[in-house]
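What follows is a set of notes on a single structure, which appears directly below.
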Protein chains: 2
Amino acid sequence: MDFTIWQKNTLKFIILGLLKHNELTGYDIKKLFNCEIGDFWQAKHSQIYPELKKLEEEKLISSHIEISGKKLEKTFYNITATGLTTLNNWLTEPQDKIPPTRDDFTLKLYFIDDKNNPRIEELFAEERLQHEEKLNYLTTRMTELFSSTEKQKAHYGHYLILKKAIIREKAQLNWLNDELNNINK
Amino acid sequence: MDFTIWQKNTLKFIILGLLKHNELTGYDIKKLFNCEIGDFWQAKHSQIYPELKKLEEEKLISSHIEISGKKLEKTFYNITATGLTTLNNWLTEPQDKIPPTRDDFTLKLYFIDDKNNPRIEELFAEERLQHEEKLNYLTTRMTELFSSTEKQKAHYGHYLILKKAIIREKAQLNWLNDELNNINK
DNA sequence: CGTATCATGTAACATGTTACATGATTCC
DNA sequence: GGAATCATGTAACATGTTACATGATACG
């Protein structure tokens with residue numbers, strides 16, 4: 001069964017999507033990957049800045065410079081009409097296949113294989129800690145951003161993906177706890 | 001909050017892990033990515049064959065050729081003692097951070113954002129179909145491979161990761177169905 | 001005999017990470 | 001004045017994909 005996928009310059013569409021409502025600097029975009037958007041994609045500044053230049057060459061975004069303080073130049077980017085069309089086309093394209101999870105934990109579990117190897121319990125404990133931290137972060141963000149139904153409606157997609165991530169983390173934690181109990185029996 | 005991860009030549013350890021119990025050809029390894037191992041990692045043959053050569057140079061694996069039929073040469077690879085040590089060291093290393101999901105669906109949802117955009121319902125329907133297919137495949141594999149508790153114990157890691165994937169797919173499907181109901185209200 | 005699959009490889013390209021670089025601003 | 005963070009960039013490298021290539025074998 002073939003679950004192969006592939007991403008063709010996804011970063012491009014993420015940038016366009018982020019610029020849909022606000023003008024942003026490269027640094028702003030970089031920082032957004034540290035928030036809950038980092039749950040589904042990540043990129044370093046060394047990839048973002050060149051991509052912004054490329055998008056500007058392609059006329060999908062435009063830029064202007066503002067001076068902050070005495071001489072610090074910030075480059076703000078805006079989406080163009082062409083950029084908006086490109087973004088909307090991508091949004092209506094059929095989806096890619098489900099990508100592989102690429103997580104270390106599953107991989108190691110698969111290769112340890114021996115039920116009595118004490119490393120299994122360690123792995124579970126480490127994994128639980130990480131998911132607890134993440135769930136914690138996600139629920140905090142949820143409270144911060146979407147305390148009212150009005151706020152939920154105003155950024156419905158954002159609300160949905162946060163909710164999705166929270167449900168995923170909870171299911172994951174339940175499973176981890178169940179298996180930890182099984183191991184100790 | 002920083003959830004940054006990174007994989008340093010994970011394919012290397014996957015190959016070592018797969019060779020732990022059986023000798024395999026590059027083609028065998030390629031095919032394994034089409035099974036449930038493809039749930040957590042994927043690689044094309046164009047990446048596998050060069051990696052095998054590299055691992056042999058590093059003396060982590062060894063190879064011998066067998067003739068199949070009249071002249072088809074198959075190269076079988078075995079893990080060496082050094083390879084086994086390398087694999088075991090990796091298994092006891094602390095885990096990487098949780099990687100981003102990198103799925104198209106979440107990304108598009110985030111950028112559509114408008115609750116009334118009919119594309120949201122389409123996206124959910126497409127996504128549901130994909131997860132149904134995947135769950136179907138995973139449960140079939142589970143029945144094929146782990147019908148008895150003896151079989152579960154014999155390949156406990158494999159059993160665990162299949163179970164994990166099934167639980168994940170079920171949770172995901174529940175959420176998708178719930179949200180589809182919300183949309184239709 | 002034709003088609004699917006087995007089996008292996010390389011080259012060009014795209015994507016993503018690490019490290020190297022530099023300088024400004026804010027806040028204590 | 002020192003540290004953290006703001007702000008932007010490039011170069012070298014690692015990883016992963018697509019396309020190009022070739023030939024054998026199994027099965028109908």
Side-chain angles (χ1 to χ4, degrees), chain A residues 1-15 23-34 38 40-58 63-77 96-97 99-102 104 107, chain B residues 1-15 23-34 38 40-58 63-77 96-97 99-102 104 107:
Chain A
M1 194 133 178
D2 179 26
F3 290 117
T4 315
I5 53 113
W6 275 103
Q7 68 259 100
K8 317 147 290 172
N9 207 352
T10 305
L11 181 57
K12 168 177 171 169
F13 299 106
I14 295 174
I15 291 175
E23 60 170 30
L24 296 169
T25 66
Y27 196 77
D28 292 333
I29 293 170
K30 186 210 110 174
K31 276 189 302 173
L32 286 168
F33 286 105
N34 297 331
F40 51 85
W41 209 273
Q42 284 176 4
K44 315 278 183 190
H45 78 274
S46 54
Q47 201 184 355
I48 294 164
Y49 289 113
E51 189 61 36
L52 283 167
K53 299 224 157 164
K54 228 178 82 188
L55 290 176
E56 194 173 15
E57 269 175 40
E58 291 172 39
S63 74
H64 65 102
I65 290 168
E66 281 178 29
I67 304 290
S68 159
K70 281 180 185 160
K71 41 179 169 167
L72 207 169
E73 295 190 348
K74 291 187 180 189
T75 310
F76 285 87
Y77 290 94
D96 291 334
K97 295 265 174 78
T101 58
R102 285 174 192 263
D104 218 38
L107 216 46
Chain B
M1 195 130 179
D2 180 25
F3 290 116
T4 314
I5 52 113
W6 277 105
Q7 69 259 96
K8 316 148 289 172
N9 206 354
T10 304
L11 181 58
K12 168 177 172 171
F13 299 107
I14 295 175
I15 291 174
E23 60 171 29
L24 296 169
T25 67
Y27 196 76
D28 292 333
I29 293 171
K30 186 209 109 172
K31 277 189 303 175
L32 286 168
F33 286 105
N34 297 332
F40 50 86
W41 210 273
Q42 284 175 4
K44 316 279 183 190
H45 78 275
S46 55
Q47 200 183 354
I48 294 165
Y49 290 113
E51 189 60 37
L52 283 167
K53 300 225 156 166
K54 228 178 81 189
L55 289 177
E56 195 174 15
E57 269 176 40
E58 291 172 40
S63 73
H64 64 102
I65 291 169
E66 281 178 29
I67 304 291
S68 157
K70 282 180 184 161
K71 41 177 168 170
L72 208 168
E73 294 190 347
K74 290 187 182 190
T75 311
F76 284 87
Y77 290 93
D96 291 334
K97 294 265 175 80
T101 58
R102 287 178 189 261
D104 218 38
L107 215 46

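Protein chains get the first letters and strands the later ones, always in sequence-line order, with residue 1 at the start of each.
Under the ring pair (Phe, Tyr, Trp, His ring centres under 6.0 Å) criterion, Phe76(B) pairs with His64(B), sequence neighbours left out. Scored by the salt bridge (charged side-chain N to carboxylate O under 4.0 Å, His left out) test, Lys74(A) finds no partners at all (sequence neighbours excluded). Glu58(A) is linked by a salt bridge (charged side-chain N to carboxylate O under 4.0 Å, His left out) to Lys12(A), counting only residues two or more places apart in sequence or in another chain. With sequence neighbours excluded, no residue forms a salt bridge (charged side-chain N to carboxylate O under 4.0 Å, His left out) with Lys53(B). Taking Phe13(A) as the reference, Trp90(A) meet the ring pair (Phe, Tyr, Trp, His ring centres under 6.0 Å) condition, with sequence neighbours excluded.
Nearest-nucleotide positions on DNA chain C place Lys31(B) closer to the 5' end than the other of Lys31(B) and Lys53(B).
Here dT15(D) presents its P atom at 20 Å from CG of Leu11(A), a figure rounded to the nearest Å. One interatomic measurement links the two molecules: NZ of Lys54(B) to P of dG16(D), which rounds to 10 Å at whole-angstrom precision. Between the CG atom of Leu24(A) and the P atom of dT8(D) there is a distance of 11 Å, rounded to whole Å. Per the geometry, CD belonging to Glu51(B) stands 14 Å off P belonging to dG9(C), to the nearest Å. In this entry the distance linking CD of Gln42(B) with P of dT15(C) reads 17 Å, nearest Å. If you take CG of Leu55(B) and C1' of dT15(D), they are 14 Å apart, rounded to a whole angstrom. Rounded to whole Å, the distance from NE2 on His45(A) to C1' on dA11(D) is 12 Å. Between the CD1 atom of Ile48(A) and the P atom of dC6(D) there is a distance of 14 Å, rounded to whole Å.
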Please list each protein N or O that sits under 3.5 Å from an N or O in nucleotides 24-28 of chain C, with the distance.
residue	atom	partner	partner atom	Å
dA24(C)	OP1	Lys71(A)	NZ	2.9
dT25(C)	OP1	Ser68(A)	O	3.1
dT25(C)	OP1	Lys70(A)	N	2.6
dT25(C)	OP1	Lys71(A)	N	2.8
dT25(C)	OP1	Leu72(A)	N	3.3

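Here Lys12(B) lies out of heavy-atom contact (under 4.0 Å) with every strand. Within the 4.0 angstrom heavy-atom criterion, base atoms lie near Ser46(B).
The shortest distance between the side-chain N/O atoms of Tyr27(A) and the OP1/OP2 oxygens of dT8(D) is not below 4.0 Å. Checking the phosphate oxygens (OP1, OP2) of dA7(D), a side-chain nitrogen or oxygen of Lys74(A) falls inside 4.0 Å.
Checking dG16(D), dA7(C), dT18(C) against every side-chain atom of Trp41(B), the shortest atom distance belongs to dG16(D).
Of the possible polar contacts, none joining the Asp96(B) side chain to the Asp104(A) backbone as a donor-acceptor pair under 3.5 Å is found. With hydrogens and angles disregarded, no donor-acceptor distance shorter than 3.5 Å links the side chain of Glu51(A) to the backbone of Leu11(A).
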